[in-house]
2 protein chains.
Amino acid sequence: MVWDAWGIPAGHRSLPERIRTLLTQVFGVSGNPVARRDEGEVPLRESTLTPTQRAGLVELVGAANVSADHLDRLRHAGGKSTPDLLRRRAEGAQDAPDAVVFPADHDEVLAVLAYCAEHAVAVVPFGGGTSVVGGVEPVRGRFDTVIALDLRRLDRVTDIDPISGTATLGAGLTGPRAERLLAAHGLSLGHFPQSFEFATIGGFAATRSSGQASAGYGRFDDMVQRLKIAAPTGSLELGRAPASAAGPDLRELFVGSEGTLGVITEVTLRVHPIPETVAYQAWSFADFETGSAALRAVVQAGAAPTVLRLSDEVETGINLARSGDIGGNSVAGCLAVTTYEGSVAHVAARNAEAGGLLAAAGGTPLGEKPAQEWERGRFAAPYLRDALLDVGVLCETLETATTWANLTALKAKVTAALTDALSGQGTPALVMCHISHTYPTGASLYFTVVAKQLDDPLAQWLIAKRAAGDAIIAAGGTITHHHAIGTDHRAWLPDEVGDIGVRVLRAVQAELDPTGILNPGKLLP
Amino acid sequence: MVWDAWGIPAGHRSLPERIRTLLTQVFGVSGNPVARRDEGEVPLRESTLTPTQRAGLVELVGAANVSADHLDRLRHAGGKSTPDLLRRRAEGAQDAPDAVVFPADHDEVLAVLAYCAEHAVAVVPFGGGTSVVGGVEPVRGRFDTVIALDLRRLDRVTDIDPISGTATLGAGLTGPRAERLLAAHGLSLGHFPQSFEFATIGGFAATRSSGQASAGYGRFDDMVQRLKIAAPTGSLELGRAPASAAGPDLRELFVGSEGTLGVITEVTLRVHPIPETVAYQAWSFADFETGSAALRAVVQAGAAPTVLRLSDEVETGINLARSGDIGGNSVAGCLAVTTYEGSVAHVAARNAEAGGLLAAAGGTPLGEKPAQEWERGRFAAPYLRDALLDVGVLCETLETATTWANLTALKAKVTAALTDALSGQGTPALVMCHISHTYPTGASLYFTVVAKQLDDPLAQWLIAKRAAGDAIIAAGGTITHHHAIGTDHRAWLPDEVGDIGVRVLRAVQAELDPTGILNPGKLLP
């Protein structure tokens with residue numbers, strides 16, 4: 001990925017004229033792109049990797065797989081949150097890991113961790129580098145040296161079981177590469193978060209990722225059957241059966257552990273045959289409350305589509321769900337998108353049952369086209385954020401989840417917190433929201449915030465982010481539904497698990513990583 | 001419950017004549033019931049509870065709620081495995097907790113745990129006492145005194161959210177009582193394990209119970225939204241949202257912790273409206289392999305019924321799935337039972353889709369009746385075991401789970417291990433099996449074993465159990481799908497989670513229960 005923006009250069013795009021006009025009207029920004037720094041010329045802090053450390057690591061993984069090169073370090077300098085990108089666009093030296101190590105397999109990961117534990121080197125496990133919560137920041141903690149442990153070479157499918165519908169995938173496989181390898185066997189994983197094109201299997205597991213087809217295929221944590229983990233004190237393999245009552249489920253300690261308890265090297269996942277057919281159906285609802293009640297009816301009836309989403313009035317109004325037409329003709333009400341995957345019989349039955357419930361709950365069918373448009377543009381939003389940042393507009397997202405009964409109240413409180421925090425600093429804010437993940441007992445809320453960049457946009461956003469996080473906790477939501485904790489949500493972890501919960505996590509960490517080399521400064525407050 | 005058998009006296013029944021005949025033919029047993037001991041006359045080890053300890057506990061929960069009475073101690077003497085019952089039928093003194101304490105609420109549980117930690121008293125959390133793996137044995141460990149902590153007074157519904165479909169239930173509520181309280185709100189939990197009539201909400205959570213409607217409503221662990229836990233070092237409340245990416249899911253440490261990490265005092269669960277309608281449909285398959293492939297097709301298509309079960313040829317042949325007709329007219333092939341719950345539209349759609357798949361996979365529809373018969377008798381099997389034990393027949397169950405691809409091989413190996421271990425000791429064995437819990441990637445296997453009791457039936461069974469457990473692990477199954485670890489499966493826990501996994505669990509235990517008072521001798525090897 002580009003070091004100071006999302007994705008690849010070919011994905012970048014400039015803002016449509018109508019959006020520039022809108023931005024000028026609402027925020028008074030000029031709309032002229034500002035220059036960015038060339039990656040070859042960005043000053044980096046000097047690497048502290050000693051010749052002895054380099055030699056020690058080279059012995060484990062080979063000379064070609066230990067790099068302290070400028071570009072390798074720069075490209076492992078962190079994730080892709082708006083604060084990350086704002087920091088990279090600022091003047092001055094960029095922090096970066098002191099070296100990047102590319103192990104070939106589980107045993108090399110294990111050896112590198114043992115070496116680093118013995119020689120006091122911090123380790124940041126690195127997959128696609130798409131974290132938006134500071135999960136891969138090169139934090140040294142109490143150590144002089146920090147390496148990024150890039151897992152891209154763990155990129156094999158080591159087992160396929162088409163009868164049971166499972167596949168064992170290397171942690172370093174990206175979403176598209178995993179899908180291509182599975183497709184050769186007629187199978188699909190069906191995990192499509194917005195980071196799909198760059199993020200990795202190990203990263204999905206380590207952060208409790210949730211994909212856009214979660215209504216049909218579940219969250220990534222639901223898909224995990226078995227994990228292989230390398231820790232400084234040894235290896236674990238967890239998950240013997242589709243379900244078990246053999247004590248606590250230790251997989252659930254490592255799923256979501258964000259590289260702080262061990263490095264996930266291999267994941268056995270539930271997969272499914274490539275669907276025979278896909279049906280698309282968009283719906284319109286008068287307002288968000290009507291729409292969310294309709295989604296609830298469908299999910300609670302056990303009739304969930306594969307994709308089930310609802311944009312609020314603001315997001316629907318600017319067509320954010322239909323990226324080809326953002327800022328185009330304004331649409332009233334709230335747009336919902338459904339897709340159905342599976343056999344012809346299953347798709348027909350499910351579409352009929354869910355459609356009946358959505359219509360009964362006040363939905364107006366809009367046909368296939370808006371749902372297909374949503375699917376076409378579904379990975380494009382982060383590129384749009386780059387174009388907005390370029391012209392002096394602040395754009396960031398945050399997300400939460402709560403019960404159905406609490407959903408509208410939580411949405412209102414977070415929206416108010418964001419709006420107040422930004423207007424209090426002198427800029428109006430546009431706050432949009434959608435539901436993209438649904439459960440029988442509740443749903444996620446995903447907010448997109450757009451405002452004018454003030455003099456110090458980083459500080460400006462951190463004030464808004466703090467206000468939103470506090471509002472989420474005060475209103476009973478979770479601090480993150482699928483973005484993880486990283487550095488950015490650490491302050492709220494005690495609100496999630498309590499002080500004793502934090503102590504339990506520290507006890508587990510002390511057992512697995514006694515010297516504390518693993519991803520310092522992440523997850524635990 | 002009766003101290004030395006399952007359930008209540010009204011449930012007990014004698015064996016039908018045709019079964020006595022069968023038993024005489026196959027095992028050569030006489031069929032005459034043997035006398036059992038009167039509970040008032042069973043000698044108990046002297047209680048070691050000191051007057052000081054009694055006074056300390058009385059101060060916390062009141063004099064009426066600390067008992068060292070003979071009958072209270074006897075009725076908390078352990079669970080309901082066949083070894084438990086065989087031990088109770090033997091001569092000699094019966095082990096029992098030194099006292100039984102009945103706290104009123106979470107705070108009293110917390111206070112009792114703090115007291116016991118300070119005064120070196122072991123604590124066995126006690127729900128319905130239905131464990132079949134030694135989970136509530138009065139093991140003292142390194143302590144002189146052990147109490148049973150009976151949670152029956154934690155029996156309230158403290159919150160109902162019909163919009164979100166959640167209910168917060170006290171840990172001491174039994175299955176039927178929870179269903180009655182929910183029914184007053186038009187709601188149902190839908191968790192119906194064989195222990196349903198006596199087991200409790202807290203016990204279901206602590207042991208990862210799975211009910212007969214798991215295909216529709218999920219395992220008990222799937223239903224858990226939030227847990228409240230009392231530990232010697234303090235309280236935890238875990239689960240802020242229907243789904244979260246806020247780090248490791250610590251709920252999954254306590255679900256399945258079997259009272260070794262804390263006492264679950266309150267559980268918020270997913271519930272659903274009492275179904276509008278229920279449809280029943282039984283099926284016949286030529287053999288187990290055809291039937292299990294049919295179940296797999298249904299589950300992998302996302303078309304699972306609410307109940308989905310398949311008996312193998314032996315179980316079908318003696319009609320064990322239809323308790324009103326056990327040993328009656330023999331039926332060929334393999335019987336499958338399906339039920340469908342929900343709205344009229346949902347039931348019709350799902351029945352049509354699943355029925356189509358079952359028929360396409362070789363199923364012959366048998367109509368409603370066999371499925372209704374199964375439902376009527378579904379809690380009766382443990383009473384049948386008592387009647388068998390009474391006449392000198394050994395009867396016990398054990399269970400596992402594995403992937404679909406491994407199911408037939410695992411079944412054959414466990415059957416062979418049981419048959420060989422019993423025939424090697426001089427008795428033929430009847431080994432039956434059914435699938436009662438299905439997942440997209442695999443299913444459970446539940447074995448019922450019947451043999452002649454030899455001179456030392458306890459030792460006889462332990463040899464067979466050891467052989468079966470070793471065969472399960474060697475063949476890639478889990479040592480328990482829904483019975484938990486307790487004392488009986490401890491030796492195999494390292495096979496499930498590895499040595500490092502065991503160390504992680506010990507580290508968590510040391511943090512929450514530094515003096516080790518909680519349920520000694522359970523879960524951890």
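First the proteins, then the strands, lettered A, B, ... as listed; each starts at 1.
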Most heavy-atom pairs under 4.5 angstrom with chain B, which of A/L236, A/I229, A/I479, A/V508? A/L236
Closest heavy-atom pair and its distance - A/A245, B/T207: CB-O, 3.5 Å
If I measure from the heavy atoms of chain B, does A/L269 come under 4.5 Å with its side chain, its backbone, both, or neither? neither
Quick check for you: among A/H483, A/R350, A/H437, which has the greatest number of heavy-atom pairs under 4.5 Å with chain B? A/R350
Counting distance only, does the side-chain N/O of A/R296 pair as donor-acceptor with the main-chain N or O of B/S164 below 3.5 Å? no
For a side-chain contact (heavy atoms from CB on, under 4.5 Å) check, start with the C-alpha distance between A/V504 and B/L512, then their side-chain angles and the critical distance, and finish with the verdict. CA-CA 8 Å; A/V504 166; B/L512 293 164; 3.8 Å; yes
I need the minimum non-hydrogen distance between A/R240 and B/T478, along with the two atoms involved. NE-CA, 4.2 Å
In terms of heavy-atom pairs under 4.5 Å with chain A, which of B/G498, B/P440, B/A349 leads? B/P440
With chain B, which of A/D161, A/I485, A/D221, A/T441 has the greatest number of heavy-atom pairs at distances under 4.5 Å? A/T441
Contacting region of B/E399 [heavy-atom separation from chain A under 4.5 Å]: neither
In terms of heavy-atom pairs under 4.5 Å, which option from B/S209, B/A348, B/A345, B/G442 contacts chain A the most? B/G442
Can you check whether B/T480's main-chain N or O pairs, donor with acceptor, with A/S244's side chain at less than 3.5 Å? yes
Counting heavy-atom pairs under 4.5 angstrom with chain A, the leader among B/A241, B/A507, B/A405, B/G247 is B/G247
Contact winner vs chain B - A/V133, A/T233, A/T260, heavy-atom pairs under 4.5 Å: A/T233
Chain A contact via B/R219 - side chain, backbone, both or neither, heavy atoms under 4.5 Å: side chain
With heavy-atom distances below 4.5 Å as the criterion, would you say the side chains of B/H272 and A/Q300 are in contact? no
Contact part of B/A352 toward chain A, heavy-atom cut-off under 4.5 Å: side chain, backbone, both or neither? neither
Given B/L253, which partner from the list A/L505, A/L253, A/D249 fulfils the side-chain contact (heavy atoms from CB on, under 4.5 Å) test? A/L253
Under 4.5 Å heavy-atom distance to chain A, tell me which part of B/H346 shows up: side chain, backbone, both or neither. both
What option among A/T402, A/L524, A/L493 has the most heavy-atom pairs under 4.5 Å with chain B? A/T402
I'd like to know which of B/R270, B/R251, B/E258 tops the heavy-atom pair count under 4.5 Å against chain A. B/R270
Does B/V497 reach the side chain of A/P248, with side-chain heavy atoms less than 4.5 Å apart? no
B/L227 versus chain A, heavy atoms under 4.5 Å apart: side chain, backbone, both or neither? neither
Mind ranking B/A303, B/G356, B/G302 by heavy-atom pairs under 4.5 Å with chain A and telling me who comes out on top? B/G302
Tell me, side chain or backbone of B/T400 under 4.5 Å from chain A's heavy atoms, or both, or neither? neither
Is there a side-chain contact between A/E496 and B/L250 (heavy atoms, below 4.5 Å)? no
Flag the one option from A/E511, A/R506, A/Q225, A/H489 with the top tally of heavy-atom pairs under 4.5 Å to chain B. A/E511
Output the option from B/S257, B/G165, B/A243 having the highest count of non-hydrogen pairs under 4.5 Å with chain A. B/A243
